[in-house]
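Only one structure is covered here, and it is reproduced in the block below.
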Amino acid sequence: MVSGVLGSGGSGERQKLSLQDVAELIRAGGCPRVLVMVGAGISTPSGIPDFRSPGSGWYSNLQQYDIPYPEAIFELPFFFHNPKPFLALAKKLYPGHYRPNVIHYFLRLLHDKGLLLRLYTQNIDGLERASGIPASKLVEAHGSFASATCTVCRRTSPGENFWADVLVDRVPRCSVCTGIVKPDIVFFGEPLPQRFLLHVVDFPMADVLLILGTSLQVEPFASLSEAVRNSVPRVLINRDAVGPLAWCPRSRDVVQLGDLVHSVEKLVELLGWTEEMKDLLQRETGKAGC
Ligand code: OAD
Ligand code: ZN
């Protein structure tokens, strides 16, 4: 006698889910391991442009640099030819210039409640760390400014040395061999940090996947969205439908289109966390909204 297959990971017909359904599942304790993937869209409410939004994204605003095409800013051959465009972008992201926003603090609340399995971020602005999420819960898939490496002798140095030069518009040079020093940000074609390998254990374990503020255009990060089990609800919160959730949707996908802050506030409300969110924001920012 075959029984109990539907709803437990089998391949039968499944009911379409809404954001409310997912919130209720989480509230009821049905999703104790929440996995999160984020991109530059979550930092736009902090005032940091994303990359690909037409008009406002970094890639639309590089005209002042002599750069052949936008992605060259993250390519090693161009960096060796002219590191200044990347260093100018880095200077804008100097820690402390920007503060985490309500979306980062929503993720922090997930962690405080013991629900955050891991947060995979493509962002290099450090705002996930700044929101108080511990390093053990983070995978900074495209690296960070916390350390830097000489592009010639591979000597590593703390990020502070790099900032001392960048803040006065000087190209950072290695004290040993005078090679250009590059912060440990992953450029196109470079390997991702070792911690990215955690995806091998995290994604099969997840009970729900939240995807926030990314165009899912950059690999291998984008394909992580397909690494959760088929039975696992995937919730995309973004301005547009993107990646595998747009061109190869699954029956338990939830696509919440529109402004991220608005959608996250709605999710917080559906979860019944509005008061706790307010308290957290007040504690962390000293004011009710941010
Ligand atoms: P993108 O700029 O490609 O995508 C950001 C997504 O967020 C887009 O789909 C936007 O529509 C959406 N978005 C932005 N602001 C929003 C808002 N307020 N409300 C709702 N949606 C919003 O950024 P990423 O996907 O993060 O590489 O880009 C991936 C990688 O490409 C980056 O990590 C970067 C770049 O090359 C490195 O930094 C090494
Ligand atoms: Zn060196």
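We're numbering straight along the sequence, starting at 1. We count ligands from 1, going down the list as the structure has it; atoms in each ligand are counted the same way. These numbers come from a predicted model, not from an experiment.
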Quick one: which of Phe188, Phe187, Phe74 gives a ring-ring contact (aromatic ring centres under 6.0 Å, His included) with Phe79?
Phe187

Gap separating the [atom1] atom of [X] from the [atom2] atom of [Y], nearest 0.5 angstrom:
| X | Y | atom1 | atom2 | value |
| --- | --- | --- | --- | --- |
| Asp50 | Trp58 | CG | CH2 | 10.5 Å |
| Cys174 | Ile180 | SG | CD1 | 11.5 Å |
| Lys182 | Asp184 | NZ | CG | 6.5 Å |

What's the count of protein N, O or S atoms under 2.8 Å from the Zn ion (ligand 2)?
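Near the Zn ion (ligand 2), the number of protein N, O or S atoms below 2.8 Å is 4.
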
Which residue is it: His111, Arg195, Met37, Arg33? I am looking for the one with a side-chain contact (heavy atoms from CB on, under 4.5 Å) to Arg118.
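Single pass found, and it is Arg195.
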
Taking only heavy atoms of the protein into account, state which residues are under 4.0 angstrom from an atom of ligand 1, in chain and number order.
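Near ligand 1, by chain and number: Gly39, Ala40, Gly41, Thr44, Asp50, Phe51, Arg52, Ser53, Tyr59, Phe74, Gln122, Ile124, His142, Val186, Phe188, Gly213, Thr214, Ser215, Val218, Asn238, Arg239, Asp240, Gly258, Asp259, Leu260.
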
Looking only at the side chains, is there a donor atom on one of Ser131 and Glu284 sitting less than 3.5 Å from an acceptor on the other?
no

Quick check: do Asn123 and Ile42 have side-chain heavy atoms less than 4.5 Å from each other?
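In contact.
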
For Glu128 and Thr121: C-alpha separation, side-chain torsions, deciding distance, then whether side chain to side chain donor-acceptor pair (under 3.5 Å) applies.
CA-CA 8 Å; Glu128 298 88 2; Thr121 181; 2.7 Å; yes

Cation-pi check, Lys84 onto Tyr65 ring (under 6.0 Å, within 45° of axis):
no

